[in-house]
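Notes follow once the structure below has been shown.
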Amino acid sequence: MLDFSFNLGLAISSLMICLVNLIYTLIQGRSDKAQNKVFIVMLFILISNSITGIISAVYGFYPDLAGAGDILRIDKYVYFITHTALCPMFFYYISSISFVSTRFSKMRNAVVFIPFFVTELLVITNMFTHWVWNVDRNLVFHREWGEMLIYLAALFYYAASFVVLISSWKVITSKRRLAIIFFFVFVIIGVAIQLVNKDIKSEIISEALGFTGVMMLVENEDDRMAGTSGFYNRAALTMDMNACLVHNRHVDIVVIRVLNHEIISRITGVDEASVLPGILSDYLKPMVKRYNTYVPTNDSIVMAFYHSQHENMDNIVRELYNRMDKPWDYKDNKVYLDTVIMVANIPKSITSVSELFYMIDKPVPANNKKILRGNDLDYVVKRQAIESALSRGFAEGSYEVYYQPTYHIDKKLHGAEALIRMHDKEMGNLYPDEFIPVAEQNGLIDDIDDFVLEEVCKFIKSGVPKQHGIDNINVNLSVLQVMRPKFIDHINEIVDKYDIDKKFINFEITESIAATDYDMLSNIIILLKKEGFLFSMDDYGTGYSNVSAVFSLNLDVIKIDKSLLWGAEKSESGMIILENTIRMIRQMNKKILVEGVETAAQIKLLEKLGVDYLQGYFFSKPIPKDDFVALISRQKKVDLNSLR
């Protein structure tokens, strides 16, 4: 009685668990992917196995019921035919979620599934051979040697699944790994119990519980979804494309970059994260499967085509281009999308996930093209080369600090600005606008900023700047530097190490940095000026910051951007802007430095307008430290000779 009720309870519990899993999966409405379909098939297998378990328990305990013998024999056939397929299906499921299945050729697939075909053949022919099981006249079930082959085949597929899991460890999220390991553990425990004691039917209940974990952590993709559009988010794109690269799966990528998404968001009154999926989802869904469409940023949508031919891709891109040129009806508005379409292939033209996101995130090259492909995307490849150069830069001594001198309005030496340069053995000379954005993205900008400050401290410590009458050396601060935790302590720690007078260091912030957070920046400036440092604002006149807030900062010098000087030479309105900018700064009692000085006529103009300092190619371009020392040494000799 105990055996009957216990196994019947296990079978009913398994059935209930599987039915709940199936209903929940269908309610979620995500049954369109291959892995979803395989999961549902496995649930049906377990439901069938649970029903056969219930029948086996009932008729095994009541053998006198009408037709019990035939029913038990059919019951065993249904159980073995379906359950033998479970392990191969699980292997295919693991291969699907890890993208390993895409590496299998038709021949390899056939070889991998030979054990499944053999065991199914054993089950089908069992009515004649009785090699797998037998039910005697007393309706007692007997295991035969063929059943051990089925267990060995199952062990083979479980082992193969584990190998796939290990080979794809880095491309499967931690929660998915946890779910699969959870399944492995439960199934092994259940099978082991049933092998040791054949009267305890624990295998199906353990598999049902294991699949519950899989459903909760793998099939539930809420963390991969981009809102309610049905499209995937940035994390999903990262995981899927990384899997493609690891397993060398070719996929065509089409990126739609919308350049006016902020304006569209304001027009429609829709949140920036929702506006593009809202406009484009109905149009894109017939073109590409939902689960192959991603929304990694507010201004871009990425489509992945895994099996498209080149001709089909050309047609898709052409169709997209033609449609994007027309208005869209959305939220009672007609909106126009200013788009650029980028087409690439993984791994042919895009060889890393970082390259893909560089293409998605960074400003589109200003070449007026609406479709970028092939050589148009060389800037992405160059980015990867720059990233490699950055990673080896410190080990190979690729970085160097250049100095550009600054002068008093009477042309006497005032100071210098420290500027980073890079000399890579493979790429040659690189300028800051080429490698600084990449360094900010991959986290090396902190090391580069520290390198510049340390080099300037060493130079000041040498005594050369003081010997040549340099008042201070300007060091640029980046946004990321200023936002660094314990930034002030870190700056003091570097400078104090060289025991130099802090008034020799003038930190430069750009107008765009100042506009980010006036209160935070004001506190930083106050605290560092108490330590003795000076502060300048660089590139003034290029941003759109609050003028009153800017001048409330305790700055020593305002550096007027070269565009204002050059604009003054081109038009009367430009001259008015320059004159009034200088007049306003002087009324704020700030010192003024003008950048971009290239001619004697400009110097005469600026002398008339009453600026304090000059910087530009008229005096010198940025040059290496040794050349800078040689330059100021020659100028000092000229000044001394003029006094004799």
Side-chain angles (χ1 to χ4, degrees), residues 401-419 421 429 431-433 464-476 506 508 510-511 534 536-543 555-644:
V401 174
Y402 276 37
Y403 295 87
Q404 185 177 24
T406 60
Y407 293 84
H408 292 277
I409 191 65
D410 61 4
K411 300 180 186 177
K412 290 184 179 180
L413 183 64
H414 164 252
E417 180 178 2
L419 300 162
R421 294 292 185 268
N429 294 331
Y431 291 94
D433 59 350
V464 173
K466 185 176 182 180
Q467 177 186 345
H468 289 78
I470 287 179
D471 294 337
N472 49 68
I473 296 177
N474 296 2
V475 178
N476 292 284
N506 184 352
E508 289 189 8
T510 63
E511 187 176 358
L534 303 176
S536 298
M537 173 168 288
D538 195 12
D539 299 333
Y540 182 78
T542 60
L555 300 168
D556 299 286
V557 180
I558 304 296
K559 297 181 68 173
I560 295 178
D561 188 73
K562 61 187 177 183
S563 62
L564 268 66
L565 173 61
W566 296 351
E569 295 182 305
K570 294 178 181 179
S571 67
E572 182 179 351
S573 60
M575 180 63 73
I576 293 172
I577 292 172
L578 178 63
E579 289 175 346
N580 282 283
T581 299
I582 291 174
R583 184 180 300 111
M584 178 181 63
I585 297 173
R586 293 193 67 81
Q587 289 174 345
M588 297 286 184
N589 295 318
K590 308 290 185 185
K591 295 289 186 179
I592 303 170
L593 184 151
V594 178
E595 301 173 302
V597 177
E598 296 183 347
T599 66
Q602 290 173 339
I603 296 176
K604 288 183 179 180
L605 169 64
L606 295 173
E607 185 177 14
K608 179 181 177 182
L609 293 175
V611 306
D612 300 285
Y613 310 115
L614 308 172
Q615 182 180 2
Y617 279 18
F618 179 86
F619 303 101
S620 173
K621 64 181 181 180
I623 51 180
K625 183 182 69 175
D626 292 343
D627 294 342
F628 173 72
V629 173
L631 172 67
I632 61 178
S633 296
R634 289 196 302 270
Q635 291 174 343
K636 185 176 182 180
K637 289 181 181 179
V638 171
D639 291 341
L640 290 174
N641 290 332
S642 66
L643 295 175
R644 293 172 183 170

Search all heavy atoms of [X] against all heavy atoms of [Y] and return the closest pair with its distance.
{"X": "F628", "Y": "P405", "value": "CE1-CB, 3.7 Å"}
{"X": "Q404", "Y": "S620", "value": "NE2-O, 3.1 Å"}
{"X": "N476", "Y": "A418", "value": "ND2-O, 3.5 Å"}
{"X": "A568", "Y": "L578", "value": "CB-CD2, 3.6 Å"}

So how far is it from [X] [atom1] to [Y] [atom2], rounded to the nearest 0.5 Å?
{"X": "N472", "Y": "L534", "atom1": "CG", "atom2": "CG", "result": "5.5 Å"}
{"X": "K608", "Y": "L606", "atom1": "NZ", "atom2": "CG", "result": "11.5 Å"}
{"X": "I585", "Y": "R583", "atom1": "CD1", "atom2": "CZ", "result": "11.5 Å"}
{"X": "E598", "Y": "K562", "atom1": "CD", "atom2": "NZ", "result": "8.0 Å"}
{"X": "E607", "Y": "D410", "atom1": "CD", "atom2": "CG", "result": "8.5 Å"}

For Q615, does its backbone N or O pair with a side-chain atom of T406 as donor and acceptor, under 3.5 Å? no
Under 4.5 Å between any side-chain heavy atoms of [X] and [Y], yes or no?
{"X": "L614", "Y": "H414", "answer": "no"}
{"X": "Y613", "Y": "E595", "answer": "no"}
{"X": "K590", "Y": "M537", "answer": "no"}
{"X": "E579", "Y": "L609", "answer": "yes"}
{"X": "W566", "Y": "Q602", "answer": "yes"}
{"X": "P622", "Y": "Y617", "answer": "yes"}
{"X": "E569", "Y": "T599", "answer": "yes"}
{"X": "R421", "Y": "Y431", "answer": "yes"}

Let's go through D612 and R586 carefully: what are the C-alpha distance in whole Å and the side-chain angles of both, what is the deciding distance for side-chain contact (heavy atoms from CB on, under 4.5 Å) to 0.1 Å, and is it a yes or a no? CA-CA 10 Å; D612 300 285; R586 293 193 67 81; 4.0 Å; yes
Going through the distances and angles, do I592 and Y540 end up as a side-chain contact (heavy atoms from CB on, under 4.5 Å)? CA-CA 10 Å; I592 303 170; Y540 182 78; over 6 Å; no
Show your reasoning for whether side-chain contact (heavy atoms from CB on, under 4.5 Å) applies to L565 and I560. CA-CA 8 Å; L565 173 61; I560 295 178; over 6 Å; no
Show your working on side-chain contact (heavy atoms from CB on, under 4.5 Å) between L413 and Y407 and close with a plain yes or no. CA-CA 5 Å; L413 183 64; Y407 293 84; 4.0 Å; yes
Give me the one residue out of L419, V557, N506, D538 that meets side chain to side chain contact (heavy atoms under 4.5 Å, CB included) with N474.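 Going through the options one by one, the only one that passes is N506.
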